[in-house]
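See structure below.
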Amino acid sequence: MTKVAIFGVGLIGGSIALCLKGQPNITVVGYSNRTSSVDKYVQRGVVDIGTTSVEEAALDADFIFLCVPVGLMDDYMQQLSKLDLKQGCIITDVGSTKASLMASAQVFKQTSAVFIGGHPMAGSERSGVEAASSRLLENAFYVLTADEDTSEASLNQLIELLSYTRAHIVPVDAKAHDTIVGAISHLPHIIAVGLVNQIRGYNDNNGLYETLAAGGFRDITRIASGDPPLWRDILLDNKEVLLRLLNDWQKNMDHFKQLLEQSDGDGIVEAFRKAGDFRSKMPERRKGMLHSIYDCYVDIPDHPGIIGSIASELGKAQINLSNIQIIENREQIPGVLKLSFRTQEHLDQAIILLGEQGYRVEQ
């Protein structure tokens, strides 16, 4: 039997566990320092065995996944490096920063274990083991950062295990990873938080900002609602990269400011054109660092039972509806129904189905 130990069975750790659990000759052990969490892992069927003992989870493990917050990684690495781990045990992580973790992982050089950094680039609007899914990592990029002296055999063993996630494995240098992820994930989170806080400041003097900032503004700034302690650790860990990126961002904003000051309409058009061209080249259905939203908006008449009817039709078609929100529904005025789905496939199917039934649907 291959023993896989997962430290921190939340969204990512739990999703990996669900991909591995039940596979031939694999036993999944979930660790938490809280008994209540361990009980939850087992009761939900996410792991085969749960434990609050680091030793019980790690000893005899063939693979160890560290799925704890970035700020706790170093502590767990120190603990594991002091144990008599199985010869050739492969230790990996799922942190969104890699250079500092690869440096901390040097503690394993004096052990029989091998460390290979990892970062599954997928997420969800939800968190915790309750949100874990065996399909979360499917078709997502899964970055691996290995030292130059990591054996090809060890790397291939990890890649073979990760094949059960159906993710696309991408080898990347740790420093290059931090620069790229800093630009496509960490910087956007900072910008979203800054933008929301700017509007929050205006709203202190005029409550209409909050009232009118619904809809699109809420959607484009949704990442500002990330877990504060988690993002504190990530941003501080990648601060050197982010300081450079923020300098570049400031230059771009200064350029836009100059375009406005000079009433340079052609320059503004060109900026939007370049952005649109580049964005159009990005793959739409590939999972990435920022989780996708699969929403559509349906105009509905103010008739009794109309919402239940729509939900029923989607259910009959085996389309998984994850959330319904009534945006507006006043007498004699068509309402707007916001429907949310977990996959692009279900969103596409819903748009076709509702369109065929005469509803006006927009994304």
Run the salt-bridge test on K281 and D277 with the 4.0 Å N-O cut-off and return the result as yes or no.
no
If you measure from the Lys or Arg side-chain nitrogens to the Asp or Glu carboxylate oxygens, is any gap between K40 and E130 under 4.0 Å?
yes
Is it true that a side-chain atom of [X] and a backbone atom of [Y] form a donor plus acceptor pair closer than 3.5 Å?
| X | Y | answer |
| --- | --- | --- |
| N156 | E152 | yes |
| D264 | G267 | yes |
| S37 | N33 | no |
| T145 | D173 | no |
| R166 | Y164 | yes |
| N247 | L243 | yes |
| D178 | T97 | no |

By the salt bridge (Lys or Arg N to Asp or Glu O under 4.0 Å) test, which pairs, at least two apart or in different chains, include something from residues 89-98?
D93-K98
Donor-acceptor contacts under 3.5 Å from residues 349-356 side chains, at least two apart:
from: Q349; atom 1: NE2; to: E345; atom 2: OE2; distance (Å): 3.4

Taking the side chain as everything from C-beta on, heavy atoms only, tell me whether T51 gets closer than 4.5 Å to V38.
no
